[in-house]
Amino acid sequence: MDILFVRELKVDTRIGIYDWEREVNQTVLVDLDIAADVRAAAQTDKVENTINYQTICQRLVAHISASEVELVETLAEQIADIIRSEFGAAWVQVTVHKPAAVRGTRDVGVRIERGDRLP
């Protein structure tokens, strides 16, 4: 299985369950691991033959920055759905970090996997 990955995509958004969180933007970080067969892209040297991570990042920035969900779990599920339904990934692992969420911690968040890994 080949994996395309993105690390620490930074996006400002409204996210959280507390009143103060509904008033200010917070930065979330997104890590992605996306199953893809990259052999055709490697043989042809053409981005059209793979999942374009720049296009994915642009789509996710637009979605996340407009989102106002309460939970990182909800956001992670939405991201996984976008990657699988719009970009045709069979499997994705999404990690959403919310570094400013809990005082005394460096980072908190959620990691989910959706779909089936390629053989």
Side-chain angles (χ1 to χ4, degrees):
M1 174 174 55
D2 305 326
I3 301 288
L4 298 172
F5 67 89
V6 174
R7 296 291 178 259
E8 295 189 9
L9 176 65
K10 294 181 182 183
V11 186
D12 290 332
T13 189
R14 300 275 167 104
I15 187 167
I17 60 172
Y18 300 108
D19 290 340
W20 71 266
E21 292 180 300
R22 309 311 301 161
E23 301 295 324
V24 298
N25 280 347
Q26 297 181 68
T27 300
V28 296
L29 306 172
V30 177
D31 296 336
L32 304 171
D33 289 285
I34 304 165
D37 186 340
V38 302
R39 288 177 288 193
Q43 291 171 351
T44 63
D45 201 28
K46 300 290 182 190
V47 71
E48 298 82 22
N49 294 325
T50 191
I51 296 174
N52 186 328
Y53 49 78
Q54 181 173 350
T55 305
I56 286 175
C57 290
Q58 291 169 341
R59 173 67 175 97
L60 293 181
V61 167
H63 176 79
I64 296 167
S65 62
S67 173
E68 292 195 14
V69 299
E70 292 185 357
L71 301 176
V72 292
E73 291 86 348
T74 304
L75 185 58
E77 194 69 42
Q78 291 174 351
I79 291 168
D81 184 59
I82 288 169
I83 293 170
R84 295 189 69 225
S85 66
E86 296 181 22
F87 295 93
W91 173 87
V92 64
Q93 182 180 81
V94 177
T95 306
V96 178
H97 305 260
K98 192 175 168 192
V102 178
R103 183 174 296 160
T105 67
R106 181 177 61 87
D107 193 14
V108 298
V110 66
R111 178 178 298 128
I112 66 170
E113 292 185 27
R114 297 295 179 264
D116 298 317
R117 291 178 179 245
L118 298 175

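Numbers here are sequence positions counted from 1. Model, not experiment: these values are computed from the prediction.
With sequence neighbours excluded, no residue satisfies side chain to side chain donor-acceptor pair (under 3.5 Å) with Thr74. Under the side chain to side chain donor-acceptor pair (under 3.5 Å) criterion, Arg84 pairs with no residue at all, not counting sequence neighbours.
Residues Thr27 and Pro99 fail the side-chain proximity criterion, which asks for heavy atoms closer than 4.5 Å. Side-chain contact between Ser65 and Asp12 is absent, with no heavy-atom pair separated by less than 4.5 Å. A 4.5 Å side-chain heavy-atom check between Val96 and Leu29 finds every atom pair outside the cut-off. Between His97 and Asp31, some side-chain heavy-atom pair lies under the 4.5 Å cut-off. Two residues are said to be in side-chain contact when any heavy atoms from C-beta on lie closer than 4.5 Å; Ile15 and Asn25 fail this criterion. Using a 4.5 Å cut-off on side-chain heavy atoms (C-beta onward), Val30 and Val6 make no contact. When side chains are defined from C-beta on, Gln93 does not count as touching Arg114, because their heavy atoms never get closer than 4.5 Å. Residues Thr105 and Asp107 are not in side-chain contact: their nearest non-hydrogen atoms beyond the backbone lie 4.5 Å or more apart.
A donor-acceptor pair under 3.5 Å is formed between the side chain of Glu21 and the backbone N or O of Tyr18. With hydrogens and angles disregarded, no donor-acceptor distance shorter than 3.5 Å links the side chain of Thr50 to the backbone of Val47. With Ser85 contributing its side chain and Asp81 its backbone, the two residues share a donor-acceptor pair below 3.5 Å.
The only member of Leu4, Ile112, Ile34, Ile79 that meets side chain to side chain contact (heavy atoms under 4.5 Å, CB included) when paired with Val92 is Ile34. Partner of Ile56 under the side chain to side chain contact (heavy atoms under 4.5 Å, CB included) criterion, chosen from Val61, Ile82, Ile51: Ile51.
Residues Phe87 and Val38 fall within the same hydrophobic cluster, defined by Ile, Leu, Val, Met, Phe, Trp and Tyr side chains chained together at heavy-atom separations under 4.5 Å. Under a hydrophobic-cluster definition in which Ile, Leu, Val, Met, Phe, Trp and Tyr are linked whenever side-chain heavy atoms come within less than 4.5 Å, directly or via other members, Val110 and Val11 are assigned to the same cluster.
Other residues, nucleotides and ligands contribute more than 12 heavy atoms inside 6.0 Å of the CZ atom of Arg22. For Tyr53, the OH atom is loosely surrounded, since the number of other residues' heavy atoms within 6.0 Å does not exceed 12. The number of heavy-atom neighbours closer than 6.0 Å to CZ of Arg7, taken from other residues, nucleotides and ligands shown, is above 12.
Using a 4.0 Å cut-off between a side-chain N of Lys or Arg and a carboxylate O of Asp or Glu, Arg14 and Glu70 do not qualify as a salt bridge. Arg59 and Glu86 are joined by a salt bridge, as a carboxylate oxygen and a charged side-chain nitrogen come within less than 4.0 angstrom of each other.
Summarising the geometry, atom CZ belonging to Phe5 is positioned 8.0 Å from atom CG belonging to Asp33; distances are rounded to the nearest 0.5 Å. Leu32 contributes atom CG, which lies 8.0 Å from atom OG1 of Thr95 (distance to the nearest 0.5 angstrom). Summarising the geometry, atom CG belonging to Leu60 is positioned 6.5 Å from atom CG belonging to Leu9; distances are rounded to the nearest 0.5 Å.
When all heavy atoms of Val108 and Ala101 are compared, the closest pair comes out as CG2-CB, 3.5 Å. Nearest heavy atoms, Ser67 versus Thr13: O-OG1, 2.9 Å.
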